[in-house]
Amino acid sequence: MASATTRTVRQAARPAPRTDIPTAPSRAGSPARWIIFLAIPGLYLTLRGYHAFDGDQAYRLPLLLHLQDPTLYATDPFVRAFDAFNPHRGYLALIDLASRPFGLAAGLAGLFALTFWATASGVDRLARSAWPELGGKVGLVAFVLVLMAKAGNVGTNHLFESTLLDRLIGFGLGWMAIASAVGDPRRGAWSGAAWLGLAALVHPSVGLQLALTLAVAWGVWGLVGRSGVSFRTSVGAVIGLGLALGPGLALMSAQGGSLFEGLPPEEFRLLSVQVQGPQHMLPSMWRSWQWMAWDCYPILALLALGRVGLDGPRAPWPASRVRLAVLIGVNLASLGLAYLAVEVVGDIRVTVFQPFRMATLARGLALIAVSGRVVTLWARGDLASRSRAVLVGVGLSGDGMLIVATAVDLGMALADWAVQRPEIRRIADGLRDIVPNLLGLVLLGSGLYYLSRHDTESGHWPLIASIGVLAVGSRLARRWTPGWTPRRIRLAMVAAWALPVSAAVAPMIVDPAKHRIVSDLVARCRFSETPTDDLERLAVWARDRTPASSRFIGPPGPKTFRLWSRRPLAFNRAGGPYHAAGLLDWSTRYRDHVDFRGSTTEFARAYLGDRHRLEARYQEMTDLERASLARRQGATHVLAAAPRGTPPAPGGPLELLRVEGRYAVYRVRTTSFDPPVSPLNPHAE
């Protein structure tokens with residue numbers, strides 16, 4: 001009796017278990033959804049990085065800097081060309097608003113975080129509404145698939161990128177709009193219109209294309225009884241879209257008249273479509289593997305929506321899944337019409353509208369459907385089904401990998417469907433498991449062998465590694481189930497964010513120029529405006545050591561010198577305006593930089609035939625020829641390759657000022673030459 005009383009007193013004296021940690025799951029459970037969503041950005045930044053101040057930002061940010069300080073780039077022909085036609089005004093105004101109180105780097109990072117959140121929120125809500133029976137995990141899976149998707153990138157617009165671009169913001173707002181419309185049509189009719197109105201201000205083309213696609217879907221929803229949308233609601237939604245697009249369309253309509261003025265239509269097509277942006281506009285320019293990988297998305301979506309090869313009866317679709325399927329159909333039909341208009345009819349206005357941006361939407365919508373299939377396959381628990389789910393997820397990171405993963409899933413799904421037929425089951429019930437698995441092994445082995453011989457990205461290794469990790473992990477899980485404790489959740493969060501946080505903090509403590517590890521961290525996740533390569537360091541030197549009135553010429557290819565030097569650059573290939581008059585000046589400067597004297601047609605043919613050989617002609621010029629080019633372009637300084645061997649002779653046309661790795665900056669001597677003149681630059685002083 002005393003012993004029992006003593007035990008009771010000791011138990012009462014023990015501290016009660018903590019209940020103030022709502023996100024701490026049981027040992028056998030999983031972390032809360034918000035914890036996983038908080039870890040995903042850290043993992044993404046660790047694996048893909050964050051790339052500010054380079055890429056497409058390198059030639060768009062000078063437009064912002066000129067907007068903030070008109071004396072910067074006042075004589076830069078590329079920057080001033082956007083005085084006439086500038087579709088980036090909303091995007092630049094947004095960055096200006098964010099960067100003025102916090103600085104440019106912090107403003108870009110903050111907007112990138114908001115774009116990440118908008119994309120995650122929209123994709124998550126859309127997947128959960130399409131697959132309500134699968135719970136919250138389907139939204140997590142859908143978002144991870146979207147982040148991994150690099151395969152089938154027709155039109156060269158990724159679903160998500162590691163740098164802040166106006167189209168990325170537009171698509172993020174678009175996912176919010178589509179999730180609102182598909183998930184709750186009554187409320188989403190107006191909230192979705194508001195999101196797309198904002199998208200049209202940031203990126204007019206993306207916003208308008210998304211709105212047109214959704215408007216047609218609203219019309220079809222109103223006619224399809226199972227969609228749960230009344231005709232009255234659909235009409236109101238279309239009207240709301242029209243009203244929301246008003247400000248964005250008004251902003252662009254005032255500039256539209258200058259788009260085609262200044263060039264004959266055929267020359268405009270050559271320069272704008274075939275030279276400047278064929279990878280964005282012309283389906284005939286895309287590689288066969290890109291096309292095949294893109295075709296995998298609708299195939300996988302059909303397998304998912306039709307539950308092909310999955311167990312259990314086919315339950316009626318919820319209305320939200322009907323709306324998703326209709327939207328996918330409308331999107332694919334619009335892409336078919338766009339192909340006819342661009343490749344068959346050759347309509348220049350449709351072509352420069354870049355309708356194949358909506359091929360990116362098609363990939364995303366397909367992945368929303370695929371997420372339900374991936375979750376279902378994983379829940380089956382057997383190694384074969386989970387291997388199919390993993391192959392699809394990993395395969396999204398490369399064209400060849402996705403083709404193989406789709407072939408395996410399609411083959412096994414059709415085999416599953418066939419052996420479930422009553423007539424087949426009566427003949428050989430034992431084949432139900434053997435045939436699909438055997439076929440899957442044959443398809444996987446054949447695909448891996450083909451990739452090992454033909455895939456330049458060696459896609460067979462990630463697929464092999466993923467299956468190996470899954471097999472080993474499945475075997476270990478039978479003996480040991482780790483579970484998630486609060487301590488392990490904290491460790492996982494630290495592991496996810498260790499590299500991005502280090503990249504943000506390290507440059508404040510250590511000079512990246514003196515420590516390779518810190519420099520590599522900054523290059524991986526660029527949260528500060530810190531140069532990381534020879535060209536950027538040389539540009540920063542030019543910013544500090546050359547007069548503000550200096551103007552440069554340089555190689556046609558590298559695109560970061562203008563931004564980092566804060567100096568006008570007479571020409572850069574990536575820095576191409578969109579309207580006809582600007583294209584004419586851009587083309588003239590391009591040909592002058594590579595000493596090409598042929599017609600526009602001949603120039604386009606030479607560019608498409610061997611662009612790198614064409615642009616190498618700049619470096620093949622002598623110092624005297626580059627000095628002459630600089631005078632024609634109104635430049636005072638030259639960016640070129642560092643001299644090999646002895647530096648330029650004293651008294652020559654170019655004076656060597658600075659060497660940084662592979663590049664060097666020269667000053668054009670004016671003592672024995674005429675002062676710089678600029679017959680090509682209408683903005684010269």
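Note that this is a predicted model, so its numbers are computed, not measured.
- Side-chain atoms of Arg48 come within 3.5 Å of backbone N or O of Leu147 as a donor-acceptor pair.
- The distance from atom CZ of Arg321 to atom CG of Leu305, rounded to the nearest 0.5 Å, is 7.5 Å.
- Note that CG of Asp409 is 8.5 Å distant from CG of Leu391, once rounded to the nearest 0.5 Å.
- Side chains of Asp511 and Val518 form no contact here, defined as non-hydrogen atoms less than 4.5 Å apart.
- Checking side-chain atoms of Thr213 against main-chain N and O of Asn331 turns up no donor-acceptor pair under 3.5 Å.
- Between Val141 and Trp378, the closest side-chain pair of non-hydrogen atoms is not below 4.5 Å.
- Heavy atoms from other residues, nucleotides or ligands lying under 6.0 Å from CE of Met493 number more than 12.
- Remark: Trp294 CH2 is packed, more than 12 non-hydrogen atoms of other residues, nucleotides or ligands lying under 6.0 Å away.
- Inter-residue side-chain proximity for Ser387 and Leu470 is flagged as met; some heavy-atom pair is nearer than 4.5 Å.
- Here the side chain of Ser466 pairs no donor or acceptor atom with the backbone of Val394 at under 3.5 angstrom.
- Annotation: side chain of Val442 is in contact with side chain of Ser446 (closest heavy-atom distance under 4.5 Å).
- Here the shortest heavy-atom pairing between Met176 and Trp117 reads CE-CH2, 4.0 Å.
- Between the side chain of Thr360 and the backbone N or O of Asn157, at least one donor-acceptor pair lies under 3.5 Å.
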> Does the pair Arg526 and Thr163 meet the rule for a side-chain contact (heavy atoms from CB on, under 4.5 Å), with working shown?
Replying inline: CA-CA 10 Å; Arg526 185 172 288 185; Thr163 185; over 6 Å; no

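- Formation of a donor-acceptor pair under 3.5 Å by the Asp399 side chain with backbone atoms of Ala151 is not found in this model.
- In terms of heavy atoms, Leu332 sits closest to Pro298 at CD1-CB, 4.3 Å.
- Judged purely by atom type and a 3.5 angstrom limit, Trp131 uses its side chain to pair as donor or acceptor with the backbone of Ile368.
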>> Using the rule given for ring pair (Phe, Tyr, Trp, His ring centres under 6.0 Å), can you reason through Phe116 versus Phe143, listing the C-alpha separation, both sets of side-chain angles and the distance that settles it, and then say yes or no?
In response: CA-CA 10 Å; Phe116 198 100; Phe143 184 51; 5.4 Å; yes

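- Remark: side-chain polar atoms of Ser502 are paired, donor with acceptor, to backbone N or O of Ala498 under 3.5 angstrom.
- In this structure, His515 NE2 and Leu521 CG are separated by 12.0 Å, a value rounded to the nearest 0.5 Å.
- Between the side chain of Trp497 and the backbone N or O of Leu38, at least one donor-acceptor pair lies under 3.5 Å.
- Counting heavy atoms from C-beta outward, Pro283 and Val154 have side chains that stay 4.5 Å or more apart.
- A donor-acceptor distance shorter than 3.5 angstrom exists from the side chain of Arg373 to the backbone of Val308, with no hydrogens or angles considered.
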> Could you go step by step and tell me if Ile178 and Leu361 meet the side-chain contact (heavy atoms from CB on, under 4.5 Å) rule?
Replying inline: CA-CA 10 Å; Ile178 293 171; Leu361 175 65; 3.6 Å; yes

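- Ring pair Phe160/Tyr44 is perpendicular by interplanar angle, where above 60° counts as perpendicular and below 30° as parallel.
- No side-chain heavy atom of Arg357 sits less than 4.5 Å from a side-chain heavy atom of Leu210.
- For the atom pair CD1 (Ile95) and CD (Gln57), the distance works out to 6.5 Å, reported to the nearest 0.5 Å.
- Rounding to the nearest 0.5 angstrom, the gap separating the OH atom in Tyr91 from the CG atom in Leu168 is 9.0 Å.
- Annotation: side chain of Met412 is not in contact with side chain of Leu377 (no heavy-atom distance under 4.5 Å).
- Across all non-hydrogen atoms, the minimal contact from Tyr297 to Ala293 is CD1-O, 3.4 Å.
- For the 3.5 Å distance criterion, the side chains of Ser474 and Arg386 fail to qualify, holding no donor opposite an acceptor.
- In terms of heavy-atom proximity, Pro512 sits nearest to Ser519 at O-CB, 3.4 Å.
- No more than 12 heavy atoms of other residues, nucleotides or ligands lie within 6.0 Å of CZ in Arg662, so this atom counts as exposed by the packing criterion.
- To the nearest 0.5 Å, atoms CH2 (Trp317) and CZ (Arg307) are separated by 11.5 Å.
- Heavy-atom minimum distance, Ala130 versus Leu324: CB-CD2, 3.7 Å.
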>> Walk me through whether Leu499 and Leu45 qualify under side-chain contact (heavy atoms from CB on, under 4.5 Å).
In response: CA-CA 8 Å; Leu499 190 147; Leu45 293 173; over 6 Å; no

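- Thr532 is not listed as a side-chain neighbour of Asp54, based on a closest heavy-atom distance of 4.5 Å or more.
- Closest heavy-atom contact between Ala177 and Trp195: CB-CB, 3.8 Å.
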> Which is it for Val404 and Tyr450 under the side-chain contact (heavy atoms from CB on, under 4.5 Å) test, yes or no, and what are the steps along the way?
Replying inline: CA-CA 9 Å; Val404 172; Tyr450 186 86; over 6 Å; no

>> For Arg524 and Asp520: C-alpha separation, side-chain torsions, deciding distance, then whether salt bridge (charged side-chain N to carboxylate O under 4.0 Å, His left out) applies.
In response: CA-CA 6 Å; Arg524 187 68 176 174; Asp520 291 343; over 6 Å; no

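- Side-chain atoms of Gln354 never come within 3.5 Å of backbone atoms of Met281 as a donor-acceptor pair (strictly under, hydrogens ignored).
- Other residues, nucleotides and ligands contribute over 12 non-hydrogen atoms within 6.0 Å of the CG atom of Leu491.
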> Does the salt bridge (charged side-chain N to carboxylate O under 4.0 Å, His left out) test come out yes or no for Glu457 and Lys150, once each step is laid out?
Replying inline: CA-CA 13 Å; Glu457 298 178 347; Lys150 298 296 180 183; over 6 Å; no

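- The environment of CH2 in Trp291 is crowded: more than 12 heavy-atom neighbours from other residues, nucleotides or ligands sit within 6.0 Å.
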